[in-house]
Amino acid sequence: MSVLEISDLITAVEPDSGHRLPVRRAEVIGRLRESGDERAARIVARLPVDADGVLDPCAVDRLLIGVHTELQRLSEELRVGERLVHLLGPLFAAIRAAGAERGPYRLVDVGCGLGYLLRWLAATDALGPDVELVGVDLSAALVGEADRLARAEGLNCRFVHGNAFDLPQAATVYVSTGVLHHFSDPALAEFFQAQAASPAQAFCHFDIAATPLAPIGAWMFHRARMRHPLGRHDGVVSALRAHSDEALLRAATVPGIRALLYDPRGTANPFCTTVRPIIGLRPPLEGSFRQAFGRSGRRLVGQDQLTEPAR
Ligand SMILES: C[S@@+](CC[C@H](N)C(=O)[O-])C[C@H]1O[C@@H](n2cnc3c(N)ncnc32)[C@H](O)[C@@H]1O
């Protein structure tokens, strides 16, 4: 079964600068056909090209903004903002209590897309005035739209185009939603190593839980709530690409980081577990984080405690 997302193939950027590169439609169609995904190839075949067969960047941007606008519904319905605050509240309490770093603190949303999460955090002021909110994305079009929406709503958050790990100012905490499954295993390991090597105190990344029900659940949701065939297609592929609990904990357990999975498979109801976070923090913070977290802390599991076999 194909595990290529159309949105990953129709845009190409230089990984360091986010500078856009031309994409030939025929090459994308060829890759999709090679992977056996004729339906995806047909979706791409309908996208406009110039005389050289290069995909029209403006049409691609419009399409991605449209699909991400629909995708916001997923974050709204799964209450990703509230779930993030449930973890970040105790995490920032532990960071403040440790006193190693003085505020203001910086929360960086890696691959922020349209910035729904940060706009929600800014609108609710859920983390307090000493936490600066910065969204970063390699897509200039998505970041531009995130910025426009934040300004229209008068929100105190900002959006930057580029690589989240090349910011001039360091993050205190990195977060993301729906980004991890875009990485292959080696890229996932590099992603966590980059955060461990940075001055950041912690990270918290939400992504689709790799349960047997995830692909059918994703199909139902995207069928019901999304109109564009690209969004429907990529939604199901995302669920197929989701990393297992074991793979996430293995990749995130790097020197200088205590990695914990919240609600791992086997401890939570698979009908309710749609997305779940991998958390990493500097080891001295773990005690006060768990204390601030209270009883929910029992649902945090490290690599040493994971008993469920890989799917
Ligand atoms: C599927 S989108 C998720 C968007 C958003 N978080 C959401 O939930 O709607 C993944 C995004 O991650 C971005 N991305 C991946 N790695 C990145 C990095 N190192 N720095 C900035 N953006 C990155 C891609 O450009 C893409 O727009």
Side-chain angles (χ1 to χ4, degrees), residues 1-71 74 110-111 113-114 137-145 161-164 176 178-191 207-208 210 214-223 225-244 247 251 311:
M1 195 175 303
S2 168
V3 285
L4 296 175
E5 283 183 62
I6 300 170
S7 53
D8 285 345
L9 301 179
I10 60 174
T11 50
V13 292
E14 275 182 11
D16 293 335
S17 62
H19 181 73
R20 187 153 198 158
L21 301 168
V23 177
R24 291 188 177 281
R25 186 174 66 184
E27 282 170 21
V28 177
I29 293 174
R31 284 191 64 186
L32 290 165
R33 287 216 169 110
E34 249 170 56
S35 75
D37 196 342
E38 190 54 41
R39 188 177 144 243
R42 280 199 304 273
I43 294 171
V44 174
R46 291 198 289 269
L47 299 178
V49 284
D50 68 11
D52 296 325
V54 171
L55 286 170
D56 175 354
C58 296
V60 168
D61 286 348
R62 273 196 305 276
L63 177 59
L64 289 181
I65 289 173
V67 167
H68 278 79
T69 302
E70 290 193 341
L71 199 59
L74 192 62
V110 184
L114 294 181
D137 204 293
L138 288 166
S139 162
L142 294 179
V143 158
E145 183 64 3
H161 172 221
N163 189 323
S176 74
V179 172
L180 300 184
H181 67 268
H182 287 273
F183 301 134
S184 61
D185 286 347
L188 189 69
E190 279 172 30
F191 177 76
D207 203 16
I208 305 159
I216 182 76
W219 182 84
M220 282 165 58
F221 177 86
H222 287 81
R223 203 72 215 161
R225 306 293 275 131
M226 296 185 76
R227 279 167 302 173
H228 199 281
L230 186 153
R232 289 178 168 184
H233 173 274
D234 283 5
V236 176
V237 173
S238 309
L240 292 168
R241 293 172 83 184
H243 294 286
S244 68
R311 63 176 178 153

Novice: To the nearest 0.5 Å, what is the distance between CG (L230) and CZ (R46)?
Specialist: 10.0 Å

Novice: Would you compute the distance between atom NE2 of H228 and atom CG of D234 and round it to the nearest 0.5 angstrom?
Specialist: 10.5 Å

Novice: Which pair of heavy atoms, one from L4 and one from R31, lies closest together, and at what distance?
Specialist: CD1-O, 3.8 Å

Novice: Over all heavy atoms of both residues, which pair between I10 and L47 is shortest? Give the atoms and the distance, please.
Specialist: CG2-CD1, 4.0 Å

Novice: Tell me, with the steps shown, if V44 and L32 meet side-chain contact (heavy atoms from CB on, under 4.5 Å).
Specialist: CA-CA 9 Å; V44 174; L32 290 165; 3.6 Å; yes

Novice: Taking 4.0 angstrom as the limit, do D61 and R20 come out as a salt bridge?
Specialist: yes

Novice: Hey, does V13 have a side-chain heavy atom less than 4.5 Å from the side chain of L21?
Specialist: no

Novice: Return the CD1 to CZ distance between I29 and R25, rounded to the nearest 0.5 Å.
Specialist: 5.5 Å

Novice: Any non-hydrogen side-chain atom of R24 less than 4.5 Å from a side-chain atom of D52?
Specialist: yes

Novice: Let me confirm one number: the OG-CG distance from S7 to L63, rounded to the nearest 0.5 Å.
Specialist: 9.0 Å

Novice: To check you understand the geometry: which heavy-atom pair defines the closest contact between I65 and A141, and what is its length?
Specialist: CD1-O, 3.9 Å

Novice: Between G231 and V67, which heavy-atom pair has the shortest distance, and what is it?
Specialist: CA-CG1, 3.8 Å

Novice: If you compare all heavy atoms of I208 against all heavy atoms of A242, which two are closest, and at what distance to 0.1 Å?
Specialist: O-CB, 3.4 Å

Novice: Determine yes or no for a side-chain-to-main-chain donor-acceptor pair under 3.5 angstrom, with S244 supplying the side chain and A247 the backbone.
Specialist: yes

Novice: For a 4.5 angstrom cut-off between non-hydrogen side-chain atoms, does D207 reach V179?
Specialist: no

Novice: Output the distance between atom OG1 (T69) and atom CD (E145), rounded to the nearest 0.5 Å.
Specialist: 6.0 Å

Novice: Do the non-hydrogen side-chain atoms of R232 and R39 ever get within less than 4.5 Å of each other?
Specialist: yes

Novice: Sub-3.5 Å donor-acceptor pair from the side chain of H243 to the main-chain atoms of F183, do we have one?
Specialist: yes

Novice: Hey, could you give me the OG/CG distance between S238 and L180, rounded to the nearest 0.5 Å?
Specialist: 12.0 Å

Novice: Test your reading of the model: is there a side-chain donor-acceptor pair from N163 to the backbone of D16, 3.5 Å cut-off?
Specialist: no

Novice: Evaluate E5 against R241 for salt bridge (charged side-chain N to carboxylate O under 4.0 Å, His left out), listing each step before the verdict.
Specialist: CA-CA 9 Å; E5 283 183 62; R241 293 172 83 184; 2.8 Å; yes

Novice: Taking H161 for the side chain and G18 for the main chain, is one N or O donor matched with an acceptor at less than 3.5 Å?
Specialist: yes

Novice: With side-chain contact (heavy atoms from CB on, under 4.5 Å) as the test, would you mind laying out the steps for I43 and I6 before giving the verdict?
Specialist: CA-CA 9 Å; I43 294 171; I6 300 170; 3.9 Å; yes

Novice: Donor-acceptor pair, D56 side chain versus V49 backbone, under 3.5 Å?
Specialist: no

Novice: For side chain to side chain donor-acceptor pair (under 3.5 Å), just list the numbers for D8 and H182, CA-CA rounded to whole Å, side-chain angles, deciding distance to a tenth of an Å, and then say yes or no.
Specialist: CA-CA 8 Å; D8 285 345; H182 287 273; 2.9 Å; yes

Novice: Between V237 and H233, is any pair of side-chain heavy atoms under 4.5 Å apart?
Specialist: yes

